[in-house]
There are 2 protein chains.
Amino acid sequence: MRDVATLAGVSVMTVSNVVRGAPNVSDATRRRVLETIERIGYVPNSSARNLRAGRSGVVSLAIPTIDNSYFAELARLLMDEAAALGWTVLIEQTKGDGELERRALAGYGPTPTDGLVFYPQALAADEVAAHAAGRPLALLGEQGDRGPGDLVIVDNEGAAREAVAHLLALGRRRVAAVGESPAAGTENSHRRIAGYRAALEEAGVPLDAELAPRVDHYTRAEGAAAVGALLDGPAPPDAVFAFNDMLAVGAVHAALERGLRVPEDLAVVGFDGTDEARYCNPPLTTVAPDKRGIAREAMRLLHERITRGDDLPYRTVRMGHELLVRRSSLATAGG
Amino acid sequence: MRDVATLAGVSVMTVSNVVRGAPNVSDATRRRVLETIERIGYVPNSSARNLRAGRSGVVSLAIPTIDNSYFAELARLLMDEAAALGWTVLIEQTKGDGELERRALAGYGPTPTDGLVFYPQALAADEVAAHAAGRPLALLGEQGDRGPGDLVIVDNEGAAREAVAHLLALGRRRVAAVGESPAAGTENSHRRIAGYRAALEEAGVPLDAELAPRVDHYTRAEGAAAVGALLDGPAPPDAVFAFNDMLAVGAVHAALERGLRVPEDLAVVGFDGTDEARYCNPPLTTVAPDKRGIAREAMRLLHERITRGDDLPYRTVRMGHELLVRRSSLATAGG
DNA sequence: CAAGCCAAGTTTAACGTTACACACTCGGGC
DNA sequence: GCCCGAGTGTGTAACGTTAAACTTGGCTTG
């Protein structure tokens, strides 16, 4: 910048004014400065800028892993929304590890970020509150009534209930729920279990604890393993409600691998409404939260919180969902 | 930091020394400073640090989109490798747009990055060279002999040839190639087409231009559309070699949707070796590049270039690949 | 016991940018 | 002729950190 100033015969401050589009610069000067900038290839130093401004223009997105279709799609949408606001998104993978989640919350790392969109997995609501340290925060997923930040949620319990009711309406009576996790953190899986139980109760179907295996990670492999074990067991299910689409894809795989028909012998419903669910075979029935809406609201709330300051009350926005019924659940029990 | 210094009764510099683990600080002082840091919750300001150091500890990863299984998996591996080197990865989506690719190369954006891992799609090799502006660069994918940075490549032509030869060995004679793109950029698709042609020629099968439809994006939807159109046409293929797994999944979907059997009526081979390919139905034969190796080498080369300076010659590392044969191609022609 | 050395800590001066206050020039109104 | 304000532009002092040079006092050593 100093070089530009010298070469253009103006002060450093004038260069700064030109770069920032500030007023009080004549057209002639502006042109001359811009030309010089072009000529010597000057690029503003963001570190210095951030140092001055006290802001970085970067927000973190802390999610378990990026190679999960749901988070990949969500990340893309969030990045699009952020770009529209002039922001950059820095993705951090927490791997469902409490320590990594704490760090993401506290804002360690080499890059300063102005705020955080956080999908907690290992951390319980009170721990999230304890480590947020007053940073602007948008939380994805239910977190008790109020968090240390704004909440963007879907009605997990209602959605789960709807999905299971759909399976029960097809005459299924042994519906497995795959996705309860030892990770204490997110309320999401608890709510989905609650919705599952409510639907069973409503239909007068007895609860069988064996039908709700625990999984550590929401991957295709674990879905296949968990459902495979159930199918090989003494009292196999006739339907599966999986807590995400990857587990559901694994469930379908396990069934087909064993020569069972989907949906005739095993109906499967997933959760997330990913593109993968739509194109797999058979196409997967899935609970589709309004991902675009979630991304938009999360960024909007975070933006307001960062720019307007912390006197804002914590807000909760509930986004809609939709049960996309496809072939994987389109047959009554027994075929 | 000044507050910490005041409260601990030392100079700012001593705090800095403690934070950085520099020598010449007594244990007693160190303890006192650390306590104070803990107490008032001091977090070092990275902007200022970067400003001083002239480095940011962040490297960019510029890929077309993150919601593509291959890039999602690759991103995860790259982030793991980066973390092991103490680095953070900033993902930028170029969407196959030339302008966005140029910006990513030039290093615009609000965050300073020390280097770039770049998967070019729209930009041709010479344009990449023109806009790299001397930044440390690791290129994924073939780019002519030498780029403006290190190259990590797989043998696209050989891999494609192998995949198509596999289909021909099953007696298939009308093998479609899906993935040629109007995007001038990456050599990858050209090389794969070349491998496809070579395999056909080697087997004495005539080339049919109709069997190589162009696609704009490597998505499931476009794969389904392109292959659907071929299947509805006058001379449908009996096999498909797709340039990535998402196109292949779309191809399978299009076939099944039309009541065709996969692999009996249409054999399908993909490219990328994603987890999705393994778990879809039928499981997808796919060319699996050594993703972990690619991630490791890309980060290693970039790290060397950033730390050791630019006097390093440009290097090229060729990674292996493997044809994972699964059910989607396990039937001879006609059943 | 003076000379020298070492550990422990401080002072100073940057890194590149920008907010703020100030200065200059010029035309017009009184 | 003087003052004023608008339009341009400049100087200064930070932002938070750290490399390098400097100070201080205690301890060894010949």
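Letters go in sequence order (proteins before strands), and every chain restarts at 1.
- With respect to the salt-bridge test (charged N to carboxylate O, under 4.0 angstrom), the residues B/D114 and B/R55 do not qualify.
- The CG-C1' distance, from A/N50 to D/dA14, rounds to 16 Å in whole Å.
- When the side-chain nitrogen and oxygen atoms of B/S26 are compared with OP1 and OP2 of C/dG9, one or more of them lie within a distance under 4.0 Å.
- Classification of B/R292 and B/E81 as a salt-bridged pair fails, no side-chain N sitting under 4.0 Å from a carboxylate O.
- The residue B/T14 sits close to a base: some heavy atom pair falls under 4.0 Å.
- Salt bridge status for B/E99 with B/R103: present, with a side-chain N to carboxylate O gap under 4.0 Å.
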Sugar-phosphate or base contact per nucleotide [nucleotides 15-28 of chain C; S, B, -; heavy atom under 4.0 Å]
BBBBB---------
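- Between A/E73 and A/R76, none of the side-chain N atoms (NZ, or NE/NH1/NH2) sits under 4.0 Å from a carboxylate O, so this pair counts as no salt bridge.
- Under 4.0 Å is where a charged nitrogen must lie from a carboxylate oxygen, and between A/E304 and A/R300 at least one such pair does.
- What separates CZ of B/R31 from P of C/dG9 is a distance of 12 Å, to the nearest Å.
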Nucleotide N/O of nucleotides 4-6 of chain D paired with protein N/O under 3.5 Å:
none

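- For B/T29 and C/dA8, the shortest distance from a side-chain N or O to OP1 or OP2 is not below 4.0 Å.
- Closest approach of A/L78 to A/A298, counting heavy atoms only: CD2-CB, 4.2 Å.
- With salt bridges taken as basic N to acidic carboxylate O contacts below 4.0 Å, none links A/E101 and A/K95.
- Crowding of A/R2 atom CZ: a count of heavy atoms from other residues, nucleotides or ligands under 6.0 Å not exceeding 12.
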